[in-house]
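Note on naming: letters A, B, ... go to the chains in the order of the sequence lines (proteins, then strands), and numbering restarts at 1 for each one. These figures come from a predicted structure and were not determined experimentally.
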Amino acid sequence: MNDIRLAWRNIWRNKRRTLLTAASIFLAIFLALIVRSLQTGWFDHLISISIQSYTGHIQIHKKGYWDDRDINNSMPFNDSLTAVIKATNNVDKTVPRLEYFALSSYGKQTKAVMISGTNPVREDALTHLSRKVIKGRYLDSSGNGILVSQGLASFLDLTPGDTVVFLGQGYHGISAAGKFPVAGIIHIPSPQLDNQMIYMNLTTAQYFFNAQDRITSLSITLVNPDEINATVASLRSKIGGEKYEIMRWDEMMGEVMQALKAKIGGGKIIIAILYMIVGFGIFGTVVMMTTERTKEFGVMVSVGMQKTRLAFILVLEMIFIGLTGILSGVVTALPIMVYFHLYPIHLWGGMAQAFISFGIEPLMPLAIKPGFIISNIISVLIIVLLTCIYPIRKAFTLRIVESLHK
Amino acid sequence: MTNDLIYNDLRLMTNINGMNIIEIRNLTKVYDAKTIPVYALNGVDLAFREGEFTCIVGPSGSGKTTMLNLVGGLDSPTGGEIVIDNTDITGLKSRMLIDFRLRNIGFVFQSFNLIPVLTAKENVEFIMQLQGVNKEQRDKRTLELLDSVGLSDKINVRPNKLSGGQQQRVAVARALASKPKFILADEPTANLDSKSAENLLEIMEILNREENITFIFSTHDPRVVAKARRVITLEDGKIVGDISKN
Ligand SMILES: Nc1ncnc2c1ncn2[C@@H]1O[C@H](COP(=O)(O)OP(=O)(O)O)[C@@H](O)[C@H]1O
């Protein structure tokens, strides 16, 4: 009869109580995992969409550009800079862009637009821009055809083949003007962007803005996004941090990130409260399990069981109840997480609208990360172990004669 | 010093039937010492020898339980010594005392006090496991012991499926399992019907006679007292009678 078997049998002396306690742990960890999985899934989804649809993992700008996105804050871009960046460890794809405002005019309508001059092939590799074409065709790698976002196109009443006029201010205040044929219409999920985006070849844009060999940003994607800090550091040392600002995606998504972190923080607080409630439940059980057996403990110590061993058995009992709850919770939550990870939930109604307005597909994939699964398991185990302080104290302060009279 | 030596010599000389296994000197236990002191034991001197079958009697509140608890090392006295096998157990630290009990003293409690989740066999085995006896020896001895208390057929039964008398017989087997120097039993028959009580006493007697197991027990029951070979009477924490019969 070893301690493990003794502890196991002890917890089943009061089946109902043990099951209730284990069930509360089960429910807590199940809910915690699902909530964390949803939150993390949403978070990751948002980030990956944002990274893939625009920012990349890292962007390089001229120092000061991010706060003042003026064409005069553009930077020279040449093959040697490209070569240095390409040779940096962990760098995957790069997309150079020259972006600035201009006024568009077609027929009687005029509207402010954001012109994004980009490399069509590299842009497509990063953001799959060609998939957003709903009418006409994608950009050619040369030529001055442009892509017009759908909202803007319908405002100006444009169709592929039409020619738009852009007016604006170029580099060093030189006035810019040009006529551009519409190659295709694209749909951008974010309504705000959909009402103002123009894509054209980088060289075309450079020519239009009179900014030869200049770009406003270079987007970079990474082979391993987890090593972003190391890559930023090595880029900084290679190209010089005083001339350039090298920003991580989370820095560029500042406000959105803050909001997300607050949401996740709120979720964690709710989980913590849930755990506390469960903790009190476990504590109640442990108090009952201990006090109703005081006499038995007295007998065991009388006949020669050391108090340390008694305490060990009591801790084992709580760990068994804890593990029963934890394992059943994880085993139940995991398949659900895996399923909705592979087949994301399609959102509907206002929620879906909100997503779309953020420029995010209304999907909600659940995330499965060892990190939050393990941290939740450990949290519950810690709570269980904390409640064990009570029986441990009881075992060590046991007064045999008094306990035998119970 | 010299007096002590002479006293010791005298004591050794009077040891005809065997060694003193327990020597109690000036044992005192005071409860509620701060308010009104209750002298549960008041300067008791006593010795027990190997192979005794001794009963402690006395009116309720005379100090029987207190005495057995102190001798068993379950409680500590206010004053005096309890020397078991050359060890003064009143000076032992908790861990040592628990270990001392495990190796030297067997207990039978008034209300059986078996471990409810363990079968009869496991309850007996439990003590040997604490002692670190290997499985083979444990199995052998457990079966022998349960046989000797007439429970060979209840090996795998848990306490709640046993009658009070049967439980108490398992308790006796458990007390014997550690091969203790003596067994202490505080009113072992108090919760038994007269037939079971008689049966338990019979088993204890046989174990005492045939295997020289030392029993020290307390009781209120005159029929149990009648079986004892030595009767110690307590009153108000003092010994007022100590009669041996042969
Ligand atoms: N824990 C205690 N606190 C205070 N007084 C006690 C305690 N235990 C026993 N006593 C007192 O000590 C005396 C002896 O009790 P006890 O040894 O139980 O006698 P017996 O077993 O002969 O009935 C009694 O007066 C009893 O009230």
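- Taken from CD1 in A/Ile400 to OG in B/Ser94, the straight-line distance is 7.5 Å, to the nearest 0.5 Å.
- At a 4.5 Å heavy-atom cutoff, the contact between B/Ser111 and chain A is made by side-chain atoms alone.
- For the side-chain contact (heavy atoms from CB on, under 4.5 Å) criterion with B/Val117, the lone passing option out of A/Arg13, A/Arg5, A/Glu296 is A/Arg13.
- The only member of B/Asp75, B/Thr65, B/Thr66, B/Leu70 that meets side-chain contact (heavy atoms from CB on, under 4.5 Å) when paired with A/Val401 is B/Asp75.
- Within a 6.0 Å radius of CZ in A/Phe280, other residues, nucleotides and ligands contribute 12 heavy atoms or fewer.
- Rounded to the nearest 0.5 Å, atoms CZ (B/Phe107) and CG (A/Leu404) are 9.0 Å apart.
- Heavy-atom neighbours of A/Met288 CE from other residues, nucleotides or ligands within 6.0 Å: above the threshold of 12.
- Taken from CG in B/Asn113 to CE in A/Met300, the straight-line distance is 11.0 Å, to the nearest 0.5 Å.
- Ranking B/Gly106, B/Pro116, B/Gly72 against chain A, the residue ahead of the rest is B/Pro116, based on heavy-atom pairs under 4.5 Å.
- Contacts of B/Arg174 with chain A are made by side-chain atoms alone, with heavy-atom separations under 4.5 Å and no backbone atom involved.
- In this structure the side chain of B/Phe112 never reaches within 4.5 angstrom of the side chain of A/Val299, judged on heavy atoms.
- Atom CD in B/Glu122 sits 9.0 Å away from atom CG in A/Leu6 (nearest 0.5 Å).
- The side-chain contact (heavy atoms from CB on, under 4.5 Å) with B/Ile98 is formed by just one residue from the set A/Met305, A/Lys307, A/Arg309; it is A/Lys307.
- Under a cut-off of 6.0 angstrom, the local environment of NZ in B/Lys121 is crowded, with over 12 non-hydrogen atoms contributed by other residues, nucleotides or ligands.
- Counting non-hydrogen atoms of other residues, nucleotides and ligands closer than 6.0 Å to CZ of A/Phe43 gives a total above 12.
- With a threshold of 4.5 angstrom between heavy atoms, B/Asn69 approaches chain A through side-chain atoms but not through N, CA, C or O.
- Of the two parts of B/Ile127, only the side chain, counted from C-beta on, holds a non-hydrogen atom closer than 4.5 Å to a non-hydrogen atom of chain A.
- Between the B/Arg101 side chain and the A/Ser302 main chain, a donor and an acceptor come within less than 3.5 Å of each other.
- Shown here for A/Asn2 and B/Gln129, the closest heavy-atom pair between the two residues is N-NE2, 4.0 Å.
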